[in-house]
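Here is the structure we will look at.
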Amino acid sequence: GQNIDQPTEMTATEGAIVQINCTYQTSGFNGLFWYQQHAGEAPTFLSYNVLDGLEEKGRFSSFLSRSKGYSYLLLKELQMKDSASYLCAALSNDYKLSFGAGTTVTVRA
Amino acid sequence: IAGITQAPTSQILAAGRRMTLRCTQDMRHNAMYWYRQDLGLGLRLIHYSNTAGTTGKGEVPDGYSVSRANTDDFPLTLASAVPSQTSVYFCASSHDETGHGYTFGSGTRLTVV
């Protein structure tokens with residue numbers, strides 16, 4: 001089966017940096033996705049990593065280490081609108097996405 | 001506007017009743033998926049379809065059925081609803097089974113009483 005672990009909650013101050021860690025175990029591996037989900041809304045795509053290393057996209061960056069089964073999402077210069085749930089998802093060999101339970105990030109003024 | 005449309009937005013359903021959740025996409029995506037999202041459990045795959053005419057079981061398929069008669073539509077049917085099927089249901093689609101271009105619908109909040 002698939003196992004995706006990420007912290008349940010994180011709190012940070014506006015303007016700060018937060019790192020959300022994710023570890024995964026899947027039947028084979030074809031990539032790691034991060035999604036953002038605001039309360040009551042659908043998840044929206046943030047990033048995709050398939051090779052080791054850091055992918056930077058504006059204030060958000062995502063890192064992958066395939067050998068460690070580990071990824072993180074880095075949110076810089078936090079804004080109040082970044083308060084949301086962040087979902088880590090791994091794509092297995094049969095191309096099925098398995099999601100973690102999500103990390104709720106609360107940004108305080 | 002291209003995307004995925006789900007209907008209804010929300011529904012309260014009596015236990016034992018039959019219900020079909022509708023999902024339509026206009027992006028010509030080959031692959032479509034149904035997930036349920038429950039607090040603390042995240043998104044779990046119910047059924048999927050890699051292309052029109054084919055379907056497959058996901059992680060939690062029991063009590064649900066799907067059909068894929070054409071590329072655009074992927075309805076999810078609960079034959080006889082039970083309270084444990086109270087959840088938020090998301091339909092999603094992607095270009096193909098590799099997961100790229102994954103797009104979610106806005107969700108259906110279903111309460112079975």
Side-chain angles (χ1 to χ4, degrees), chain A residues 1-10 20-51 55 57 62 64 71 73 84-105, chain B residues 1-7 9-10 21 23-25 27 29-51 54-61 87-111:
Chain A
Q2 327 301 340
N3 192 30
I4 317 292
D5 287 320
Q6 54 182 126
T8 304
E9 294 180 334
M10 301 183 76
I20 307 170
N21 296 323
C22 172
T23 58
Y24 63 89
Q25 290 178 304
T26 57
S27 304
F29 180 76
N30 276 302
L32 195 290
F33 292 79
W34 284 96
Y35 289 85
Q36 180 190 59
Q37 186 177 25
H38 285 99
E41 297 182 8
T44 56
F45 171 80
L46 285 179
S47 69
Y48 169 72
N49 295 66
V50 66
L51 301 176
E55 294 279 344
K57 194 182 292 185
S62 57
L64 177 68
S71 173
L73 180 69
S85 183
Y86 292 85
L87 313 179
C88 173
L91 194 65
S92 60
N93 260 355
D94 60 356
Y95 293 107
K96 297 299 170 288
L97 264 183
S98 295
F99 286 83
T103 299
T104 299
V105 172
Chain B
I1 298 177
I4 299 182
T5 303
Q6 287 187 236
T9 303
S10 64
L21 307 185
C23 176
T24 300
Q25 54 99 1
M27 298 174 285
H29 281 176
N30 285 316
M32 297 187 74
Y33 315 85
W34 273 105
Y35 289 88
R36 60 177 290 173
Q37 187 173 37
D38 303 288
L39 195 63
L41 295 177
L43 285 155
R44 293 181 291 168
L45 183 65
I46 304 171
H47 285 287
Y48 66 92
S49 169
N50 286 337
T51 188
T54 68
T55 62
K57 294 181 179 180
E59 181 184 354
V60 288
S87 186
V88 179
Y89 291 86
F90 286 101
C91 180
S93 70
S94 63
H95 297 295
D96 52 37
E97 68 271 17
T98 64
H100 290 276
Y102 224 89
T103 304
F104 284 88
S106 55
T108 295
R109 183 174 295 276
L110 180 68
T111 303

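Everything numeric in this text was worked out from a predicted model, so none of it was measured. All values below come from the heavy atoms of this structure, side chains included, with hydrogens, waters and symmetry mates left out. Below, read A as the first sequence line, B as the second, and so on, with proteins coming before strands; counting in each chain starts at 1.
Between chain A and the options Leu43(B), Asn50(B), Leu45(B), heavy-atom pairs under 4.5 Å are most frequent for Leu43(B).
Heavy-atom distances place the backbone of Leu41(B), and not its side chain, under 4.5 Å from chain A. Using a 4.5 Å cut-off between heavy atoms, Asp38(B) does not touch chain A at all. Within the 4.5 angstrom heavy-atom criterion, no atom of Gln6(B) approaches chain A.
Considering every non-hydrogen atom in both Ser106(B) and Ala42(A), the closest pair reads CA-CB, 4.1 Å. Taking every heavy atom of both residues into account, Ala101(A) and Gly40(B) meet most closely at CB-O, 3.6 Å. Closest heavy-atom contact between Phe104(B) and Pro43(A): CD1-O, 3.6 Å.
The local environment of CZ in Arg44(B) is crowded, with over 12 non-hydrogen atoms from other residues, nucleotides or ligands closer than 6.0 Å.
Residues Tyr35(B) and Leu97(A) meet the side-chain proximity criterion, which asks for heavy atoms closer than 4.5 Å.
Taking the six-membered ring where the residue is Trp, Phe33(A) and Tyr102(B) present tilted rings, their angle falling between 30° and 60°.
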